[in-house]
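Here the structure comes first, spelled out in structure tokens, and everything after it is commentary.
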Number of protein chains: 4
Amino acid sequence: MNLTIDLDSDVPIYQQIRDRIVEAIARGEIAEGDPLPSTRRLAADFAINFHTVNKAYDLLKQEGVIRVNRKSGAVIRRDPRTGPPDPGFAEGWEDRLRVLLAEATVHGLDQDEVVRRCTATLSGFRSPAERVSR
Amino acid sequence: MNLTIDLDSDVPIYQQIRDRIVEAIARGEIAEGDPLPSTRRLAADFAINFHTVNKAYDLLKQEGVIRVNRKSGAVIRRDPRTGPPDPGFAEGWEDRLRVLLAEATVHGLDQDEVVRRCTATLSGFRSPAERVSR
Amino acid sequence: MNLTIDLDSDVPIYQQIRDRIVEAIARGEIAEGDPLPSTRRLAADFAINFHTVNKAYDLLKQEGVIRVNRKSGAVIRRDPRTGPPDPGFAEGWEDRLRVLLAEATVHGLDQDEVVRRCTATLSGFRSPAERVSR
Amino acid sequence: MNLTIDLDSDVPIYQQIRDRIVEAIARGEIAEGDPLPSTRRLAADFAINFHTVNKAYDLLKQEGVIRVNRKSGAVIRRDPRTGPPDPGFAEGWEDRLRVLLAEATVHGLDQDEVVRRCTATLSGFRSPAERVSR
DNA sequence: GTGGTCTAGACCACA
DNA sequence: GTGGTCTAGACCACC
């Protein structure tokens, strides 16, 4: 797993860590049960405060993406096979999607182009079904 | 134009205002040249401070979405028909799209379902081509 | 004399009128004694309030560029031949020049390029000496 | 870095702050990566409100001159060496240059004198090339 | 009437 | 410690 963050971005660092991990899971680079680096280790790699990493892990835990074990550290928890999509997840997600697509429209991106980019991005991810068959 | 904002959201109010306006433009409810409510008026409607609306309009102005005329207030500026998509717009946008789609994947949304929601949302918008033919 | 103003610019209209007139004088299109259009006429041409034109003329009068005659309206007053540069003009002007050149430098314009653009712009103007010989 | 502002000027304070910082960068007094004083600190130094400094920094950020880091505050971002001049920068800049030079002409400044002052001012700045060789 | 500027003070998020 | 957000109220510039 190779995470890169931008200390100068206006996206909070803890958010970037969380985003990168979510992306890595989506790409199938880490899967259920796989361990995440320890907070101190990750903090040292990025030369940031380990509290920041902690906050990212907290966020992931709260989102149900990882579970934190006292001895084995953080491991990926959710496997999409285990059931239907999270209830309550869709609302906020759709809101953000709507804003994002509206922006693209307003800035002149053609609808076909938008859909193309969506599918292109998704093709880099593993859908739940694919993961089962792997 | 009927904007609704949520004062209790963790999304900054000025950002919500900006998002709602971008969506309204994408839906074609307001078009090039249409005036936006005055900052003080909108602030009164939402029962918020006019500086907050000011910040939202500033953001939109900076994004090239509106222009502010001393006498007639803010009016919609950009019409996606008038040219190619904004150069430099796609970068940050794709990053956000990737994160959003990764989240959906991790939370178990099927890829087809994701694409379906994207197209459904887009169908509520007016693509540049449609606007020409209207 | 063909003035064009942009009602949507963030530069105040009265300032634009003043700027365009100053430029026209610099280019030699209007010279000492030449009359300016009446405020009401100019206001009608631009479809703006005549008070705005009034303000522009006031500014020009205050700067010593025109004189206003009750019956013949506004006429160009200053002829650079009549003497040395205005005392007191240079200070504010140099300040603005310094800021403008600093901006160019910071945004990566080469010094030679900057000088080239200055001379190119000046070549479109008539220096005082040239005006004498015309 | 020694900034001076004039509270009685008709130039907005936030604009003056922005101008002084741009000049300081042009002179090479502050360079890429150098930190700017914190908004509240600078505000205290000038005995003004920190929001005013905030606005100046916002403007600089928007112009791409600085970047704002959550922890270390604002630092100079752009180094003109790193690439060609900003595309799209020249337009508004040339307009302002034209007005400024027209004023000089109208007020009787000789063209040679104008060029002399431009080059004199520029000689106080570090051109991109000079910075490389330093 | 409109937006723009500045002040003042509060609270929160980030690191 | 830093910047970001929101509120509140004043005054000014423009049209």
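The sequence lines fix the lettering, A, B, ..., with proteins before strands; numbering per chain opens at 1.
Comparing B/Ser72 and D/Ile13, the nucleotide of DNA chain E nearest to each residue sits closer to the 5' end for B/Ser72. Closest-nucleotide positions on DNA chain F for B/Leu7 and D/Asp58 were compared, and the one nearer the 5' end corresponds to D/Asp58.
For A/Gln16 (side chain) and A/Asp6 (main-chain N/O), a donor-acceptor pair under 3.5 Å exists by modelled atom type. No donor-acceptor distance shorter than 3.5 angstrom exists from the side chain of B/Asp95 to the backbone of B/Gly92, with no hydrogens or angles considered.
Taking every side-chain heavy atom of C/Thr52 into account, F/dC15 is the closest of E/dT5, F/dC15, E/dA15. Set against F/dC14, E/dG4, E/dG9, the side chain of D/Phe50 has E/dG9 as its closest nucleotide. Counting only heavy atoms from C-beta on, B/His51 has its side chain closest to E/dT5 among E/dT5, F/dG4, F/dC6.
Regarding contacts with the backbone of F/dG4, a side-chain N or O of D/Lys61 is found under 4.0 angstrom from either OP1 or OP2. Not one side-chain nitrogen or oxygen of B/Tyr57 sits closer than 4.0 Å to the OP1 or OP2 atom of E/dG3. Contact annotation: D/Arg70 side-chain N/O to E/dA15 OP1/OP2 distance is under 4.0 Å. Phosphate proximity of F/dG4 to D/Asn54: present, with a side-chain N or O under 4.0 Å from OP1 or OP2. Distances shown here put a side-chain N or O of C/Tyr14 below 4.0 Å from the OP1 or OP2 atom of F/dC14. For D/Lys55 and E/dT5, the shortest distance from a side-chain N or O to OP1 or OP2 is below 4.0 Å.
Taking every heavy atom of both residues into account, A/Ala26 and B/Val106 meet most closely at N-CG2, 3.9 Å.
Across all strands, C/Ile48 comes closer than 4.0 Å to no nucleic acid atom at all (heavy-atom distances). At the heavy-atom level, C/Asn49 lies nowhere under 4.0 Å from the strands shown.
Taking atom CG of residue A/Leu59 and atom P of nucleotide E/dA15, one finds them 12 Å apart after rounding to whole Å. Computed from coordinates, the D/Asn69 CG to F/dG4 C1' distance equals 14 Å when rounded to whole Å. One atom, CG of B/Asp10, and another, P of F/dG4, lie 18 Å apart when rounded to the nearest Å. Computed from coordinates, the D/Ile17 CD1 to E/dT5 C1' distance equals 12 Å when rounded to whole Å. D/Ile5 places its CD1 atom 15 Å from the P atom of E/dT5, with the value rounded to the nearest Å. In this structure, B/Ile66 places its CD1 atom 11 Å from C1' of E/dG3, rounding to the nearest Å. Rounded to an integer number of Å, the gap from CZ of B/Phe46 to P of F/dC6 is 13 Å. Between the P atom of E/dA13 and the CD atom of B/Gln15 lies a distance of 16 Å, rounded to the nearest Å.
Considering only residues two or more places apart in sequence or on other chains, D/Arg67 meets the salt bridge (Lys or Arg N to Asp or Glu O under 4.0 Å) condition with A/Asp8.
Put simply, CZ on A/Arg18 and NZ on A/Lys61 are 15.5 Å apart, with the number rounded to the nearest 0.5 Å. One finds the CH2 atom of C/Trp93 at 10.0 Å from the CG atom of C/Leu100 (value rounded to the nearest 0.5 Å). We find the CZ-CD1 distance between C/Phe46 and C/Ile13 to be 9.5 Å, quoted to the nearest 0.5 Å.
In DNA chain F, runs of at least 3 stacked Watson-Crick or G-U pairs (N1-N3 plus N6-O4 or O6-N4, or N1-O2 plus O6-N3, all under 3.5 Å) give these stems: E:1-14 with F:1-14.
Residues B/Val53 and B/Arg41 are not in side-chain contact: their nearest non-hydrogen atoms beyond the backbone lie 4.5 Å or more apart. Side chains of C/Leu60 and C/Val22 form a contact here, defined as non-hydrogen atoms less than 4.5 Å apart.
DNA chain F is contacted by D/Ser38, D/Thr39, D/Arg40 of residues 35-43 of chain D, taking any non-hydrogen atom closer than 4.0 Å.
Neither side chain, D/Gln62 nor D/Asp58, offers a donor N or O lying under 3.5 Å from an acceptor on the other.
Salt-bridge formation is not detected for the pair B/Glu63/B/Arg77: no Lys NZ or Arg NE/NH1/NH2 atom is positioned less than 4.0 Å from an Asp or Glu carboxylate oxygen.
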